[in-house]
Structure formats: structure tokens, C-alpha cells
Amino acid sequence: MNPVAVIDFETTGLSPAMGDRATEIAIVLLEDGKVVDRYQSLMNAGVRISAFIEDYTGISNEMVRAAPPAAEVMAEAARFVGDVPLVAHNASFDQRFWAAELARLGADERAVPSFACTMLLSRRLYPEAGSYRLGALASFHALPSAGRAHRAMADAEVAAALLSRIQGDIQRQYAVDDVPHGLLVKLQRCQRKALPKAIEGYFQALRDHA
DNA sequence: TGCCAGGCCCTCTTTAGGGCCTT
């Protein structure tokens, strides 16, 4: 299976459009269901972190003041990811911050790649899960704890374990050898009953293209 | 200081509203 990069941001709030900035990023490279590399850094975007967010993430103004500049960290993160496709939990959130922080470096926001989303996939694959928060899905699947929740690397590790579980379940349930990123992106937009047809259609298109 | 968004998805729906999920 080709590698994917599972990414998680900690930020000052919910919306880069409202001035919120990233405070920490973690990236886990996953290949064949195994972690093969990691990147993690706090970053200083020069903005104040509210008391609520300090409490929520455990990331303080003092910690961020001592961290490298956000531009430096994001450039490193982009180099680390390279052309590897991206995955996140509730990916629309991380995709917005990925685009916004890289746009500050001069990157084209329209060129942001499509993310696969472990939350959307879980909604389709595990209708009995009840809650689709990352921590709730980790409990549902009995995934190993990776440290303090709401820190970037701990959450990225859990999301990577969830993705590995998702890929394995798709392989078993639908008798396929591989679950490439493009298939994940396709399935996260599918109704549950349409999953088998979508999987067959995806691999048929690959064969037609070959 | 306190507040903010956006996309998905369900239903008491589609001429809409509200909960969930991310920080």
C-alpha cells in the first residue's frame, strides 16, 4: 500500500478565516498499516492563545513563545509530506489550516490536495459507533492510547491507528487487496449501501486506465 | 473579555433547522 500522511493540528480556534492560527502540527507516515516516520513541532505564529485553548490542548503561550516560527515549521512540514496524500480526522478542519498556513508562505490555496477523512469514513463503515469523536472511535475499536488527547502527535497517532483499522476492515469486508487514498476519498462521499459498487467502480476504472 | 466557522447529515426535510466534529 502506498504511504499516506496522517496530520493533526492544534490551533488557537476553529477558523483561520477569523484569524485563528496553528500552534502545533504532527504528521504520521503510515505504510501498510504501520507507522514508518513521524514529524512534530510546536510553532510560534505570534498570536495569543486563550485560557480556554491553553486548558483544552495543554499548549501554553509560554510554550509557543519558545517554539520556532510558524513559517519555518510549515515549510519543514510541507517538505516532510512531499507528494504523499493526506488524511485527517474531521479533515475539513485540518485542510483549512493546512491551506491557510501554507498560503502565508506563498503557496496556492487552490492547489491544496484533497484529504481523506477518518470521521466521514467511520460514519459510513461503523453506523453502530454512536459517536464519531476521535476519542470515542478509539474506545469503540479499543485502539491503544497514544498520550495526552488534544496534543497533535497523540491525536495523529490515534487517527493513524483508526485509518489502519478502516483500511483493514475495507479489505476484509469487500475482499480487496489494497485501499489507496483515492478510494478512501471516493468512499467518504458514498452512501453506505453504495460502497460495494463504488469500490468495484474504482478498481474497474484503474484497470481501464492501465 | 467573549465571541467567531464550515461541512456533513438527519429529519418533525428539500422554500430549513439543528446537532455533530474539529480547536
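By convention in this document, chain letters (A, B, ...) are assigned in the order of the sequence lines, proteins followed by strands, and residues within each chain are numbered from 1.
- When the P atom of B:dC20 is taken as reference, atom CZ of A:Phe140 falls 18 Å away, rounded to whole Å.
- Between A:Glu24 atom CD and B:dT22 atom P the separation is 16 Å, expressed in whole Å.
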Can you check nucleotides 11-14 of chain B for protein contacts, nitrogen or oxygen pairs under 3.5 Å, and list what you find?
none

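- Comparing the P positions of B:dC21 and B:dT1 gives an interatomic distance of 31 Å, to the nearest angstrom.
- Between the CG atom of A:Leu134 and the C1' atom of B:dT23 there is a distance of 13 Å, given to the nearest Å.
- Spacing of C1' atoms, B:dT13 relative to B:dG18, comes out at 12 Å, to the nearest Å.
- When the C1' atom is used for both B:dG17 and B:dC3, the distance is 22 Å, rounded to whole Å.
- Considering every non-hydrogen atom in both A:Val73 and A:Ser41, the closest pair reads CG2-OG, 3.6 Å.
- In this structure, A:Ser131 reaches the B:dC21 phosphate: one of its side-chain N or O atoms is under 4.0 Å from OP1 or OP2.
- Residues A:Val87 and A:Tyr126 are members of one and the same hydrophobic cluster, defined by side-chain heavy-atom contacts under 4.5 angstrom among Ile, Leu, Val, Met, Phe, Trp and Tyr.
- Atom name P, nucleotides B:dC12 and B:dC20: the rounded distance is 16 Å, in whole Å.
- As rounded to the nearest Å, B:dT23 and B:dG2 have P atoms that lie 23 Å from one another.
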Quick one: which protein N/O atoms are closer than 3.5 Å to N/O atoms of nucleotides 2-7 of chain B? Pair and distance per line, please.
unit_1 : atom_1 : unit_2  : atom_2 : d
B:dA5  : O4'    : A:Ser15 : OG     : 3.4

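- Among the atoms of the strands shown, only primed sugar atoms or phosphate atoms (P, OP1, OP2) are found under 4.0 Å from some heavy atom of A:Asp155.
- A:His89 has no side-chain polar atom (N or O) that falls below the 4.0 Å cut-off from OP1 or OP2 of B:dC21.
- Contact annotation: A:Tyr56 side-chain N/O to B:dT23 OP1/OP2 distance is under 4.0 Å.
- Nearer the 5' end of DNA chain B, as judged by each residue's closest nucleotide, is the contact made by A:Gln188, out of A:Gln188 and A:Glu10.
- Linking Ile, Leu, Val, Met, Phe, Trp and Tyr residues whenever their side-chain heavy atoms come within less than 4.5 Å leaves A:Met18 and A:Phe9 in two separate clusters.
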Run the side-chain donor-acceptor check on residues 195-210 of chain A: report pairs under 3.5 Å with partners two or more places apart or on a different chain.
unit_1   : atom_1 : unit_2   : atom_2 : d
A:Glu200 : OE2    : A:Arg207 : NH2    : 3.2
A:Gln204 : OE1    : A:Arg207 : NH2    : 2.8
A:Gln204 : NE2    : A:Asp208 : OD1    : 3.0

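- Summarising the geometry, atom CE belonging to A:Met74 is positioned 4.0 Å from atom CG belonging to A:Leu102; distances are rounded to the nearest 0.5 Å.
- In this structure, the side chain of A:Arg148 engages the main chain of A:Thr57 through a donor-acceptor pair within 3.5 Å.
- A pairwise comparison of heavy atoms in A:Ala100 and A:Pro16 identifies CB-CB, 3.6 Å as the closest pair.
- Rounded to the nearest Å, the gap between the C1' atom of B:dT14 and that of B:dC10 is 13 Å.
- To the nearest 0.5 Å, the span separating CE on A:Met153 from CD on A:Gln40 amounts to 4.5 Å.
- Using a distance-only test at 3.5 Å, with no hydrogens or angles considered, a donor-acceptor pair links the side chain of A:Arg124 to the main chain of A:Cys190.
- Between the P atom of B:dT22 and the NE2 atom of A:His150 lies a distance of 7 Å, rounded to the nearest Å.
- Considering all non-hydrogen atoms of both residues, A:Ala75 and A:Leu105 come closest at N-CD1, 3.7 Å.
- Comparing A:Arg48 and A:Thr23 by the nucleotide of DNA chain B that holds the closest heavy atom to each, the one mapping nearer the 5' end is A:Arg48.
- Counting any heavy atom pair closer than 4.0 Å across all strands shown, A:Phe9 reaches sugar-phosphate atoms only and no base atom.
- The distance from atom CG of A:Leu121 to atom P of B:dC20 is 21 Å, rounded to the nearest whole Å.
- One interatomic measurement links the two molecules: CZ of A:Arg124 to C1' of B:dC10, which rounds to 12 Å at whole-angstrom precision.
- As rounded to whole Å, 9 Å separates atom C1' of B:dT22 from atom CG of A:Asp8.
- The separation between A:Arg192 atom CZ and B:dC8 atom C1' is 17 Å, rounded to whole Å.
- Using a 4.0 Å cut-off between charged side-chain N and carboxylate O, A:Glu24 and A:Arg151 make a salt bridge.
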